[in-house]
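These notes concern the structure reproduced below.
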Amino acid sequence: MIPGPTPVPENVLSCMSKHPIGHRSGDFQEIVQKTTEQLKWLHQTKADVLTITGSGTAAMEAGIINTLSKGDQVICGDNGKFGERWVKVAKAYGLDVKVIKADWGQQLDPDEFKRILEKDTDKQIKAVILTHSETSTGVINDLQAINNEVKNHGKAITIADCVTSLGACNIPMDDWGIDVIASGSQKGYMIPPGLSFVAMSKRAWDANSKSDLPKFYLDLNQYLKTVNKNSNPFTPAINLYFALEESLTMMQNEGLNNIFSRHARHQKATQEGIKAMGLNLFAKEEFGSPAITAVHPENIDAESIRKSIKNNFDILLAGGQDHLKGKIFRIGHLGFVNDRDIISVISALESTLDKMGQLKAPSGKGISKAISILNNA
Ligand SMILES: Cc1ncc(COP(=O)(O)O)c(C=O)c1O
């Protein structure tokens with residue numbers, strides 16, 4: 001139960017155990033055509049959604065280098081490890097980066113974006129770049145509110161890392177008017193790592209026509225040209241496309257609203273179960289990510305809890321990153337997760353704390369709270 005790679009359904013796995021087909025064959029073209037339509041459905045957009053062989057960071061980098069030019073002013077939101085990554089990518093390409101920070105575990109403040117964007121009367125800011133679900137801390141940023149400020153600015157585009165929010169909560173790309181969305185296969189898509197996706201609005205393509213940052217493998221114009229012929233510029237991870245077609249079909253059968261409400265139920269049951277057993281949430285509940293819940297145990301080494309759950313229950317949780325190592329652990333509830341998984345992890349946690357003599361609430365309080373949410377939400 002880490003936030004990625006997430007569990008892969010058996011039927012998706014078995015789709016991959018076929019001989020690869022030629023990537024210029026008619027059979028492969030059919031898969032590209034179908035998955036491209038399915039990806040548009042998932043992004044709730046009529047815009048282009050392009051598939052890259054590479055991890056989520058490739059899609060993030062593609063978003064930047066295909067829309068911006070050397071020296072462009074950009075704002076990066078940074079309230080965790082993946083916000084930091086945006087800053088690093090933007091600086092690597094010589095952009096003029098202004099960082100809006102929030103402490104790890106806090107949400108980015110849309111008013112800070114508003115203030116800076118309103119002051120930019122000569123429209124020098126070309127992009128606002130942020131992480132939607134900050135996996136390192138379990139915080140969801142208010143993408144809609146920040147994007148509204150970008151829309152009021154009128155010239156900048158929004159580039160969003162939706163790597164752990166797409167397929168977990170509602171992100172209507174066209175309704176909200178988001179310009180670039182980056183995501184990766186090993187998350188809500190329920191398939192192994194190796195594919196990433198960039199959705200580009202018309203405004204993003206307008207920006208692309210002026211963009212002079214260097215690009216070759218990640219030049220999205222090549223992907224656009226070939227996707228229009230149901231193909232791909234290079235040899236893609238063909239077997240991952242088999243998996244993608246199957247997993248997106250599963251998602252379509254479940255339906256977007258059902259997927260979002262399943263994640264919301266699991267998030268709530270996890271949060272409430274943790275509180276009921278006397279543990280602290282790292283991020284406030286109101287801005288907890290639907291994909292991941294970070295737990296901040298007081299006076300106990302978070303790593304010892306995590307290791308004990310792995311050793312005794314074979315459930316893998318994620319640890320804290322950087323300065324949060326040993327301070328927090330993170331429970332992923334993203335993608336192919338069901339009620340049994342939530343019940344197992346909350347019970348395992350409660351049992352582990354009990355064994356360590358660290359359970360602060362009566363035994364069973366956490367799991368009964370989680371079950372009541374699962375049964376009634
Ligand atoms: C929020 C977020 N952004 C981006 C990434 C992309 O990482 P990768 O390049 O390892 O797929 C991840 C992966 O964990 C993530 O959680």
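Bear in mind that the values here come from a model prediction, so they are computed numbers and not experimental data. FYI, the numbering just counts along the sequence from 1. For ligands, and for the atoms within them, numbers begin at 1 and follow the listed sequence.
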Original post:
When clusters are formed from ILVMFWY side-chain contacts under 4.5 Å, directly or step by step, what else is grouped with Trp104?
Top reply: Phe282, Leu324, Ile328
Original post:
Under a single-linkage definition using a 4.5 Å side-chain heavy-atom cutoff for Ile, Leu, Val, Met, Phe, Trp and Tyr, are Ile2 and Ile309 assigned to the same hydrophobic cluster?
Top reply: no
**OP:** Inspect the contact between Glu298 and Lys360 and indicate whether a charged nitrogen and a carboxylate oxygen are less than 4.0 angstrom apart.
**Re:** no
Subject >> CD1-OG distance between Ile292 and Ser136, expressed to the nearest 0.5 angstrom >> reply: 8.5 Å
**OP:** Tell me, please, which residues at least two apart from Lys202 pass salt bridge (charged side-chain N to carboxylate O under 4.0 Å, His left out).
**Re:** Asp206
Could you tell me, for ligand 1, which of its N or O atoms are under 3.5 Å from any protein N or O, listing the pairs and their distances rounded to 0.1 Å?
residue  : atom   : partner : partner atom : Å
ligand 1 : 3 (N)  : Asp161  : OD1          : 3.3
ligand 1 : 3 (N)  : Asp161  : OD2          : 2.5
ligand 1 : 7 (O)  : Arg85   : NH1          : 3.4
ligand 1 : 9 (O)  : Ser55   : OG           : 2.5
ligand 1 : 9 (O)  : Gly56   : N            : 3.4
ligand 1 : 9 (O)  : Thr57   : N            : 2.9
ligand 1 : 9 (O)  : Thr57   : OG1          : 2.5
ligand 1 : 11 (O) : Gly56   : N            : 2.9
ligand 1 : 11 (O) : Gln186  : NE2          : 2.8
ligand 1 : 14 (O) : Lys187  : NZ           : 2.7
ligand 1 : 16 (O) : Thr135  : OG1          : 2.5

Subject >> For Lys126, all residues meeting salt bridge (charged side-chain N to carboxylate O under 4.0 Å, His left out), sequence neighbours excluded >> reply: none
